[in-house]
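The structure appears below as structure tokens.
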Number of protein chains: 2
Amino acid sequence: MTDLPRYLQLLWGREPAGRRGPRPGRTIHEIGAAAVAIADENGLEAVSMKSVATAVGFTTMSLYRYVDSKDELYAVMLDVAYGPPDLRFRPESAWRERLTAWARRITERRLAHPWIVEVPLAAPPLSPSMIAWMECGLAALDDTPLTSQQRLSAMLAIDGWGQNHVRQTIQMGLSGEIDPDSPQGAYLQLIGQLVEADRFPHLASAGPEALDGDEAAFFEEEFAYGLGLLLDGIAALIARQS
Amino acid sequence: MTDLPRYLQLLWGREPAGRRGPRPGRTIHEIGAAAVAIADENGLEAVSMKSVATAVGFTTMSLYRYVDSKDELYAVMLDVAYGPPDLRFRPESAWRERLTAWARRITERRLAHPWIVEVPLAAPPLSPSMIAWMECGLAALDDTPLTSQQRLSAMLAIDGWGQNHVRQTIQMGLSGEIDPDSPQGAYLQLIGQLVEADRFPHLASAGPEALDGDEAAFFEEEFAYGLGLLLDGIAALIARQS
DNA sequence: CCGTTACTGCGTAGAGGACAAGCAGTTGAG
DNA sequence: CTCAACTGCTTGTCCTCTACGCAGTAACGG
């Protein structure tokens, strides 16, 4: 019986009944929200113990009453930033429609807080919201003949791919936000400079083509395409299995 | 015409012909190799400017002659750790076989240096090895009727999923390496503690089942399963397109 | 052949980060 | 009431990345 780290007890509301000392001045959710606000405004690297503490009206060290390390603070931030899934599946809906809705919803959350995809994590988060999202994703596959483990893997595959898609798009400067310092397409320009057509024929032909369309639409197109790949794969598996 | 950052010039061997001062005492590859060795032995967090510098016989600040920031050092580390792809496709091989081989090979590299998947990167790396791996992955799709952009997306989807699979497996302590500090399955034990069957029925049934089999085989099974999903998706797309 | 010049690696030093440890005040339990 | 637990605060340590100025070296231009 491993006992839970403090921040998880707090997040799940599992506090022992008899409390002795003074009431805590803040909740972890307030702390998490403050950290999220800082990250939203000034980026993840602006989140330090000090900055978060002063934001909630604490000194640096007081934060450690709620969170044992910065990694745990990150976990709390993720829980607050994702929030609980607001998603109800109509009972007559099929798995493909459900899973699509789920993937889009969780991707919206990531795009709303782009730093999410660059949070360094030592372990998959066990916070309430994250667990709820997982549960929700599994529920989307309810009407399939897949085993529990197959459903889990399928969901994790979609989730992992989606997270990576958001990250890559942001990294290449193609996410909605325009950064005046690095002009859009600068990255692809660099590629063009390095990738001589004779040594890397495939990349050379794919590079410019990728930039052809509208950049705002780029994310959406690629998202739909990649998700389609995954879903078709799941469909093939289901067809083989039933 | 954006000009390249120094570390990229060095990695690609693009130095101006006429060099004035004394020859550099080390190459970036030596520096990268030293950093990789440190990360392999003591983890990524042990890689600091100081530790790498002393490893190659420099003082801390001398490293900045080769690399302008730590992020660039990370990029060099990735280039060295992945290395160039040692992969030749037989001309008669089909795309599915090729892509499978490619995915396995690049995953091997990641498992050989598990810290790879937790390197924080601001942009997709443009180093020679990385570019070569991309090119190689695209070449695997040579005999398909897909457009260049579709091939690129398909490859990135597989790559992104694979990277995430490695990361998640390591995070849950299920990668080959046994860490005596955190007993295997501790993570899943925690899940079991939090996920009450009534609130999260799907997760509750998937959790224990996932741990049933041999842990060493877990990675391989899941890898094959997820890769199969992606490949089936690509196959479906090809079938629809031809 | 000799200055000039670009380039090398080194030493100092500073700002900011995550925490460890000990302290005074507050609240509930016995 | 008394005690013990719990609060948030203060102080201080160690480590990180990196800006800046330095002395020596090797090639280039004359």
Side-chain angles (χ1 to χ4, degrees), chain A residues 3 5-7 9-10 14-28 30-31 34-35 38-39 42-77 115 118-122, chain B residues 3 5-7 9-10 13-31 34-35 38-39 42-77 115 118-122:
Chain A
D3 50 319
R6 177 164 29 183
Y7 81 103
Q9 288 186 11
L10 293 173
R14 294 258 188 102
E15 304 185 53
R19 300 192 40 73
R20 237 3 125 79
R23 286 297 162 80
R26 303 278 179 278
T27 64
I28 342 174
E30 290 179 275
I31 292 176
I38 293 175
N42 301 90
L44 188 63
E45 80 281 355
V47 174
S48 74
M49 289 304 194
K50 184 179 175 185
S51 63
V52 175
T54 52
V56 297
F58 274 173
T59 61
T60 309
M61 290 312 291
S62 299
L63 267 195
Y64 285 91
R65 297 280 124 174
Y66 297 79
V67 159
D68 278 334
S69 72
K70 195 176 183 185
D71 276 341
E72 294 190 359
L73 176 64
Y74 282 145
V76 176
M77 288 177 66
W115 47 265
E118 49 183 88
V119 171
L121 271 195
Chain B
D3 51 321
R6 177 165 27 183
Y7 80 104
Q9 289 185 10
L10 292 174
R14 293 259 189 100
E15 304 186 52
R19 301 192 39 71
R20 251 338 140 83
R23 287 296 162 78
R26 303 277 180 278
T27 65
I28 343 172
H29 292 276
E30 291 179 274
I31 292 176
I38 293 176
N42 302 90
L44 189 63
E45 80 280 354
V47 174
S48 74
M49 288 304 196
K50 184 180 175 185
S51 63
V52 175
T54 53
V56 298
F58 275 173
T59 62
T60 308
M61 289 314 290
S62 299
L63 266 195
Y64 286 91
R65 296 280 128 180
Y66 298 79
V67 160
D68 278 334
S69 72
K70 195 175 182 184
D71 275 341
E72 293 191 358
L73 175 65
Y74 282 146
V76 176
M77 287 177 67
W115 48 265
E118 50 183 88
V119 171
L121 269 195

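Protein chains get the first letters and strands the later ones, always in sequence-line order, with residue 1 at the start of each.
B:F58 has its CZ atom 18 Å from the C1' atom of D:dC17, to the nearest Å. The CD-C1' distance, from B:E72 to D:dT18, rounds to 13 Å in whole Å. Atom CE in B:M49 sits about 16 Å away from atom C1' in C:dG17, given to the nearest Å. Rounded to an integer number of Å, the gap from A:L73 CG to C:dC19 P is 10 Å. Atom NZ in B:K50 sits about 14 Å away from atom P in C:dC10, given to the nearest Å.
Within residues 63-70 of chain B, the residues that have a heavy atom under 4.0 Å from DNA chain C are, in order of number, B:R65, B:Y66.
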Sequence neighbours excluded and cut-off under 3.5 Å, please list the side-chain donor-acceptor pairs for residues 54-62 of chain B, or say none.
from, atom 1, to, atom 2, distance (Å)
B:T54, OG1, B:K50, O, 3.1
B:T54, OG1, B:S51, O, 3.0
B:T59, OG1, B:S62, OG, 3.2

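Here CD of B:E45 is found 12.5 Å from CH2 of B:W115. Values are rounded to the nearest 0.5 Å. To the nearest 0.5 Å, atoms OH (B:Y64) and CG (B:L73) are separated by 9.0 Å.
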Show me the protein contacts with nucleotides 11-16 of chain C, counting only N or O atoms at under 3.5 Å.
none

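Minimum atom distance to the side chain of A:R20 is reached by D:dA4, of the listed D:dA27, D:dG8, D:dA4.
Taking for each of B:A46 and B:P22 the nucleotide of DNA chain D with the nearest heavy atom, the 5'-most of the two is the partner of B:A46. Taking the nucleotide of DNA chain D with the nearest heavy atom to each of B:T60 and B:R23, the more 5' of the two is matched to B:T60.
The shortest distance between side-chain heavy atoms of B:V119 and B:M77 does not fall below 4.5 Å.
In this view, A:D68 and A:R6 satisfy the salt bridge (charged side-chain N to carboxylate O under 4.0 Å, His left out) rule, not counting sequence neighbours. Applying the side-chain hydrogen bond (donor to acceptor under 3.5 Å, both in side chains) rule to B:R65 yields no partners; only residues at least two apart in sequence or on another chain are considered. A search for side chain to side chain contact (heavy atoms under 4.5 Å, CB included) contacts involving A:P120 returns A:L44, A:Y74, not counting sequence neighbours.
Panel note: side chain A:Y66, backbone A:R26; a donor-acceptor pair is recorded below 3.5 Å.
The side-chain contact (heavy atoms from CB on, under 4.5 Å) with B:I31 is formed by just one residue from the set B:V76, B:L10, B:V67, B:L63; it is B:L63.
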